Novice: 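Before I ask anything, let me first share the structure, which is written out below as structure tokens.
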There are 2 protein chains.
Amino acid sequence: MDVKTVCLGMLTDGEASGYDLKKHFESSFGHFFSAGYGSIYPALASLAANGLVNCECIPQNGKPDRKVYSITPAGRDVLLAELDKPNPSHKVRSEFLATICFAHLMTADQLATVLNNRIAEIESYEKLFDKFEHTRMHETPHGMHFTVGIGRALILAMKKYIQENGHELQGHSAAAANF
Amino acid sequence: MDVKTVCLGMLTDGEASGYDLKKHFESSFGHFFSAGYGSIYPALASLAANGLVNCECIPQNGKPDRKVYSITPAGRDVLLAELDKPNPSHKVRSEFLATICFAHLMTADQLATVLNNRIAEIESYEKLFDKFEHTRMHETPHGMHFTVGIGRALILAMKKYIQENGHELQGHSAAAANF
DNA sequence: ACTCACATGTAAAGAGTTACATGATTTT
DNA sequence: AAAATCATGTAACTCTTTACATGTGAGT
């Protein structure tokens, strides 16, 4: 399941442009699958070249043509085949945790900064989830609700753990002097 | 913070070979930072070329020379500079959640399989964490304990959420027929 | 007899991120 | 007057993954 496939899935909800899909990635998929324009536009071009989506160009004044994509029956088949995979991955890549592993080489200040910034990022995710639930909750399929629920459960668990155990960690950080 | 830097950090704990570091990645770092031989060996070669680690070659019979790496003062400086970054990332890339988003396009059987496999993987992580705590708990720095604690909190939160909400999701999956 | 652990490395392929390139309209 | 939104795309770069390549010794 790569960016192409996720784009295909998003298009089952209705036609959209690359720009629209980017918004969708940011608002609902961002916490577990991110993609920038540099991934999305080539993905759509590739899907179109393989007949998995159709593209309708809508001329505009000043701006580039708006290209609206819609999924084809062949695209739907490819998507369903992808959804049939029994073991989709769930991977974490955390420079945050890698940093924490070496907390004993950091000063208490450095550690506090890293921990506080993580909490701040978690809280911005909380706001994102709240926003999603207040605006899009009704129009989206149940699977989306589930992923938002998991996202929230995950960040709350992390926040709680940091708040309950962070101070203990700071007691073991290095002194300010870097000998 | 890339594979190179994590290797550098691991070497602050004592000298090790690429093979040893791979073990370390699997047993303690795997849940938030994975790396294979194809990343580790080139990383060590690059660190050695830049004088951040020293390499001692130990001839062996039959097997390739065992190359034992140790961190240099310059390497330590580079590591400390890396640990000074205030906003280390924490990224999730989940084909699992991406699949769940489109649960309404899957059969109840497909969905159950995906959910069960995820639970099974979570349980194998639980065992890994137990093993770590029973064997390496004492020798590792406090930061490691913290990361294992977060890892456990995260997978438990996910497991709980799936167990409490998974059946509700299955009520909304597609019928077996793919029209 | 077979498989697992030990032990290192290269090369090609695959995927994503970042920076660049352009420019009108709408909101603050 | 500045900033954000709309709107698309390419090219270079970075990084990881996978497959290949080789071979011994110990345990089951």
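Quick caveat, the model's predicted, so the values are computed rather than measured. Naming convention: chains lettered A, B, ... in sequence-line order (proteins, then strands); numbering from 1 in each chain.
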Novice: So, T135(A) side chain and K131(A) main chain: donor-acceptor pair closer than 3.5 Å or not?
Specialist: yes

Novice: Does the ring center of F146(A) lie less than 6.0 Å from the ring center of Y161(B)?
Specialist: yes

Novice: Which atoms of nucleotides 25-28 of chain C (N or O only) lie under 3.5 Å from a protein N or O atom, and what are those distances?
Specialist:
none

Novice: Can you check the Y19(A) OH to dG23(C) C1' distance for me, whole Å?
Specialist: 13 Å

Novice: Between the main-chain N or O of M1(B) and the side-chain N or O of E82(B), is there a donor-acceptor pair closer than 3.5 Å?
Specialist: yes

Novice: Among residues 30-42 of chain B, which ones have heavy-atom contacts with DNA chain D below 4.0 Å?
Specialist: S34(B), G38(B), S39(B)

Novice: Within this structure, what is the CD1-to-C1' distance between I58(B) and dC6(C), rounded to whole angstrom?
Specialist: 14 Å

Novice: Give the minimum heavy-atom separation between L8(A) and I71(A), together with the two atoms involved.
Specialist: O-CD1, 3.6 Å

Novice: Quick one: on DNA chain C, does M1(A) or D20(B) contact a more 5' nucleotide (nearest heavy atom)?
Specialist: D20(B)

Novice: Which nucleotide of DNA chain D is the first, and which the last, in the 5' to 3' direction, to come under 4.0 Å of a heavy atom belonging to chain A?
Specialist: dT5(D) to dT16(D)

Novice: Starting at NZ of K91(B) and ending at C1' of dA15(C), how long is that distance when rounded to a whole Å?
Specialist: 13 Å

Novice: From CG of D2(A) over to P of dT17(C), roughly how many Å is that when rounded to an integer?
Specialist: 12 Å

Novice: Check the pair C7(B), L47(B) against side-chain contact (heavy atoms from CB on, under 4.5 Å), reporting the backbone distance first and the verdict last.
Specialist: CA-CA 9 Å; C7(B) 289; L47(B) 290 170; 4.2 Å; yes

Novice: Can we call the ring centroids of H31(B) and F129(B) under 6.0 Å apart?
Specialist: yes

Novice: Could you state the atom-to-atom distance from NZ of K67(B) to C1' of dC6(C) in whole Å?
Specialist: 16 Å

Novice: E26(B) has an atom CD; how far is it from atom P of dC6(C), in whole Å?
Specialist: 10 Å

Novice: Can you list every pair that meets salt bridge (charged side-chain N to carboxylate O under 4.0 Å, His left out) and has a residue in residues 150-159 of chain B, with sequence neighbours left out?
Specialist: E123(B)-K159(B), E126(B)-K159(B), D130(B)-R152(B), E133(B)-R152(B)

Novice: Taking the six-membered ring of F33(B) as reference, does the NZ or CZ atom of R93(A) fall below 6.0 Å from its centre and within a 45° cone about the axis?
Specialist: yes

Novice: Between Q60(B) and D65(B), does any side-chain donor sit less than 3.5 Å from a side-chain acceptor?
Specialist: no

Novice: Is the phosphate of dA15(C) approached by K4(A) (side-chain N or O, under 4.0 Å from OP1 or OP2)?
Specialist: no

Novice: Holding to ring pair (Phe, Tyr, Trp, His ring centres under 6.0 Å), I want the full list of residues that pass it with Y41(B), two or more places apart in sequence or in another chain.
Specialist: Y37(B)

Novice: Not counting sequence neighbours, which residues clear ring pair (Phe, Tyr, Trp, His ring centres under 6.0 Å) with F132(A)? List them please.
Specialist: none

